[in-house]
Q: 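I have a structure here, written as structure tokens, and I will follow up with some questions on it.
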Amino acid sequence: MLKQYLQFKLSQKLSPQQIQLMKLIQLPTQAFEQRLKQELEENPALEGGKEENDSDYDSDLDNSDDINDNDSISAEDINVDEYLSDDEIPDYRTQANNYSADDEEKTMPYAAGTSFTQHLINQLNTYRLSEEERDIAEFLVGSVDESGYIRRELSDIMDDLAFTQNVYTEEENIEKVLKIVHQLDPAGVGARNLQECLSIQLHRKDKTPDTELAIDIIDSAFDQFTKKHYKKLLQKFNITEEQLKDAIKEIEHLNPKPGGSYAGNNRIVEHVVPDFAIKIVDGELELTLNGRNAPELHVSREYNNMLTGYKESKDKSKSQKDAVVFIKQKLDAAKWFIEAIKQRQQTLFVTMSSIMHYQSEYFLTGDERNLKPMILKDIADEISMDVSTVSRVANSKYVDTPYGTKLIKEFFSESMKNDQGEDVSTREIKKILETVIEEENKKKPLTDETLASILKEKGYPIARRTVAKYREQLDIPVARLRKKI
């Protein structure tokens, strides 16, 4: 039997301008400044700073009657062409607009200076090496990763030396040269694993009873050390708890990632610039938007004058009409961008203001236990905006508070019921969990089961598996790995 179904589908498609506005809202302060700079460079009709008596171009110019193919005029009557007679071809004629709506240009700033590899090679120059040894040493240095390790088998390195460098050698020779690499700075560089990395650093230290014991522990009891089987270590080395504690202290001061300590290593440079600031003035919360998000912009008067002159002329040349189309496009883009910036400012301020008042108890005290359960929809409903808009503000913006600079999304959390049936923030529970673990006896750390019981006594009935989930989200290890002597 045939059945017919009538289906209505309502879909909303965002315009390119709406998509661009959403992208502007998502940008944090520094990225926004780069976007602003780019727009000012690409659109000559947009200018920074204030201008008195700004006048937008006449809307009558949108009338197609003014650009009629039958119009004719001598180019001398209006010099639109002269303004555009630049030797360079405008960017808009050479660039293809083939980006999708969600394309984002990602640039990655790097620290300047000598590369980590070059830093190591420079040190090799101070060693007296044969030609073969130097080839091997430079190849080994080139195999060091960003953490400072060589994570490849010597047999693989031997094969690569033969195939790519035409150097035929034995593993024993590579091992010998590797020991030279291990003498380079920073200490521990070129190690093949964490155990070797720590051992290299310990052997560089001045010999004391503590460092010698630490060397023995790393070289011959590394597995027991990483698993914190302290009783086995006490028995194996026949030492006191105090001696073990001092040796472990030596190990804890070592660098597990020697490559990361070198300033010239190509690491991403990231600076957090707060997009908002919240202050307490006379017991009241005061919100300000970083002034760098509110630039002064205006439409170019020169571009407006060109269109005015064109409109007032009786006849128009074909070349002038083409130029005017281009000018109008740039003016439209400039006007839209200025309006988009204003909408961005308003959206950011309204959203953050709503978050601040929603979490006013926290912002007045700084106590994370006062954070109320809050999801994106709570704020979206309050300010009558889309959840995705609130998400764009929360996920990428920072606020400077009396208690430090915070990522806004940290103020959002789900809720759960306490033993009184009240909604409490999962963030509040995590903070209490963190406090309980901080105050525990590190000789006998609390298991997840015990932590669940303690939280239940405090009025938060949650399961052991939930405690484990929250503990992992807080980057806190299991009880056994929290144990100290």
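Note: hydrogens, waters and symmetry copies are ignored here, and every other heavy atom, side chains too, is used.
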Q: Would you say Ser143 and Tyr149 make side-chain contact, with heavy atoms under 4.5 Å?
A: no
Q: Are the side chains of Tyr230 and Lys228 in touch, meaning some heavy atoms are under 4.5 Å apart?
A: yes
Q: Does Arg35 qualify as a cation-pi partner of Phe32, given the criterion of NZ or CZ under 6.0 Å from the six-membered ring centre and within 45 degrees of its axis?
A: no
Q: For the atom pair CG (Leu364) and CG (Asn370), what is the distance rounded to the nearest 0.5 Å?
A: 9.5 Å
Q: Any heavy-atom pair between the side chains of Cys197 and Gln201 that's under 4.5 Å?
A: yes
Q: With rounding to the nearest 0.5 angstrom, report the CG to OG1 distance, Asp386 to Thr347.
A: 11.5 Å
Q: One thing to verify: whether Arg465 and Asp448 come together as a salt bridge, which I'm taking to mean a side-chain N less than 4.0 angstrom from a carboxylate O.
A: no
Q: Take Glu286 and Ile280 through the test side-chain contact (heavy atoms from CB on, under 4.5 Å) and record every step on the way to the result.
A: CA-CA 6 Å; Glu286 184 180 278; Ile280 302 173; over 6 Å; no
Q: Are side-chain heavy atoms of Tyr398 and Thr29 found at a separation under 4.5 Å?
A: no
Q: Does Lys397 use its side chain to pair, donor to acceptor, with the backbone of Ile25 at less than 3.5 Å?
A: yes
Q: Without hydrogens or angle criteria, can the side chains of Glu42 and Gln38 be said to hold a donor-acceptor pair below 3.5 Å?
A: yes
Q: Assess the residue pair Glu361 and Lys372 against the criterion (salt bridge (Lys or Arg N to Asp or Glu O under 4.0 Å)); give the C-alpha distance rounded to whole Å, side-chain angles, the decisive distance to 0.1 Å, and a yes or no.
A: CA-CA 8 Å; Glu361 198 174 341; Lys372 292 164 60 177; over 6 Å; no
Q: Taking NZ, NE, NH1 and NH2 as the nitrogens, is one of them in Lys207 or Glu212 under 4.0 Å from a carboxylate oxygen of the other?
A: no
Q: With no hydrogens and no angle check, just 3.5 Å: does a side-chain donor-acceptor pair link Asn395 and Ser391?
A: yes
Q: Check the pair Val189, Ile200 against side-chain contact (heavy atoms from CB on, under 4.5 Å), reporting the backbone distance first and the verdict last.
A: CA-CA 9 Å; Val189 72; Ile200 291 168; over 6 Å; no
Q: What I want to check is whether the side chains of Gln224 and Lys236 have a donor and an acceptor closer together than 3.5 Å.
A: no
Q: Return yes when atom CG of Asn238 has more than 12 non-hydrogen atoms of other residues, nucleotides or ligands closer than 6.0 Å, and no otherwise.
A: no
Q: Report yes if some heavy atom in the side chain of His253 is under 4.5 Å from a heavy atom in the side chain of Lys249; otherwise report no.
A: yes
Q: Starting from the C-alpha separation in whole Å, work towards a yes-or-no answer on side chain to side chain donor-acceptor pair (under 3.5 Å) for Ser220 and Asp216.
A: CA-CA 6 Å; Ser220 61; Asp216 288 341; 5.5 Å; no
Q: Grab the two heavy atoms, one from Ser396 and one from Pro28, that are nearest each other, plus how far apart they are.
A: O-CB, 3.4 Å
Q: Can you find a side-chain donor-acceptor pair between Thr447 and Thr450 that sits under 3.5 Å?
A: yes
Q: Between Thr126 and Gln123, is there a donor-acceptor pair closer than 3.5 Å when you use the side chain of the first and the backbone of the second?
A: yes
Q: Is Glu410 atom CD crowded by more than 12 heavy atoms from other residues, nucleotides or ligands, each under 6.0 Å away?
A: yes
Q: Can any side-chain N or O of Arg151 pair as donor or acceptor with the backbone N or O of Val144 at less than 3.5 Å?
A: no
Q: Work out which heavy atom in Leu124 is nearest to a heavy atom in Ala137; give both atom names and the distance.
A: CD1-CB, 3.8 Å
Q: Just checking, any donor-acceptor pair under 3.5 angstrom between side chains of Asp210 and Thr208?
A: no
Q: Restricting to non-hydrogen atoms, name the atom on Pro295 and the atom on Arg292 that form the minimum distance, rounded to 0.1 Å.
A: CD-O, 4.3 Å
Q: Please test Arg471 against Glu434 for salt bridge (Lys or Arg N to Asp or Glu O under 4.0 Å), starting from the C-alpha separation and ending with a verdict.
A: CA-CA 8 Å; Arg471 176 179 52 70; Glu434 196 172 24; over 6 Å; no
Q: Kindly compute the distance separating CG (Leu120) from CG (Asn125), expressed to the nearest 0.5 Å.
A: 11.5 Å
Q: Just wondering, do Phe276 and Ser353 contact through their side chains at under 4.5 Å, heavy atoms?
A: no
Q: If you count every heavy atom of other residues, nucleotides or ligands that lies below 6.0 Å from Glu171 atom CD, does the total exceed 12?
A: yes
Q: Under 3.5 Å, is there a donor-acceptor pair between the Glu382 and Ser354 side chains?
A: yes
Q: Would you call Arg192 and Glu196 a salt bridge, taking side-chain N to carboxylate O under 4.0 Å as the test?
A: yes
Q: Tell me if the NZ atom of Lys342 is crowded by more than 12 foreign heavy atoms within 6.0 Å.
A: no
Q: Any side-chain heavy atom of Ile462 sitting closer than 4.5 Å to one from Tyr470?
A: yes
Q: Would you compute the distance between atom CG of Leu244 and atom CD1 of Ile217 and round it to the nearest 0.5 angstrom?
A: 5.0 Å
Q: Going by heavy atoms in the side chains, are Leu46 and Ser300 under 4.5 Å from each other?
A: no
Q: Grab the two heavy atoms, one from Ile437 and one from Glu440, that are nearest each other, plus how far apart they are.
A: O-CG, 2.9 Å
Q: Does the pair Arg204 and Asp185 meet the rule for a salt bridge (Lys or Arg N to Asp or Glu O under 4.0 Å), with working shown?
A: CA-CA 11 Å; Arg204 292 259 200 110; Asp185 288 324; 3.0 Å; yes
Q: Give a yes or no answer on whether the side chain of Arg344 reaches the backbone of Leu24 with a donor-acceptor pair at less than 3.5 Å.
A: yes
Q: To the nearest 0.5 Å, what is the distance between CG on Leu433 and CG on Leu474?
A: 6.0 Å
Q: So with a 6.0 Å cut-off around NZ of Lys430, is the heavy-atom count from everything else above 12?
A: yes
Q: Gln165 side chain to Asp135 main-chain N or O, any donor-acceptor pair under 3.5 Å?
A: no
Q: May I ask you to decide if Thr240's main-chain N or O and Gln243's side chain share a donor-acceptor pair within less than 3.5 Å?
A: yes
Q: Give, for atom CD of Glu296 and atom CD of Glu47, the distance between the pair rounded to the nearest 0.5 Å.
A: 13.5 Å
Q: Quickly, which of Glu133, Glu170, Glu132 forms a salt bridge (charged side-chain N to carboxylate O under 4.0 Å, His left out) with Lys176? Name it, please.
A: Glu133
Q: What's the verdict on side-chain contact (heavy atoms from CB on, under 4.5 Å) for Val390 and Phe412, showing C-alpha distance, side-chain angles and the deciding distance?
A: CA-CA 11 Å; Val390 178; Phe412 290 84; 4.2 Å; yes
Q: How are the rings of Phe225 and Phe222 set relative to one another: parallel (under 30°), tilted (30 to 60°) or perpendicular (over 60°)?
A: tilted
Q: Do the side chain of Ser453 and the main chain of Glu449 share a donor and acceptor less than 3.5 angstrom apart?
A: yes
Q: Search all heavy atoms of Asn43 against all heavy atoms of Ala333 and return the closest pair with its distance.
A: ND2-CB, 3.6 Å
Q: Considering non-hydrogen atoms only, spot the tightest contact between Ala334 and Ala45 and give its length.
A: CB-O, 3.7 Å
Q: Ring centroid separation for Phe363 and Tyr358, is it under 6.0 angstrom?
A: no
Q: Please assess Val478 against Glu472 for the test side-chain contact (heavy atoms from CB on, under 4.5 Å), listing each intermediate value before the final yes or no.
A: CA-CA 9 Å; Val478 295; Glu472 288 169 3; over 6 Å; no
Q: Is there a salt bridge (Lys or Arg N to Asp or Glu O under 4.0 Å) between Lys431 and Asp367? Walk through the geometry before answering.
A: CA-CA 9 Å; Lys431 185 63 183 175; Asp367 189 344; over 6 Å; no
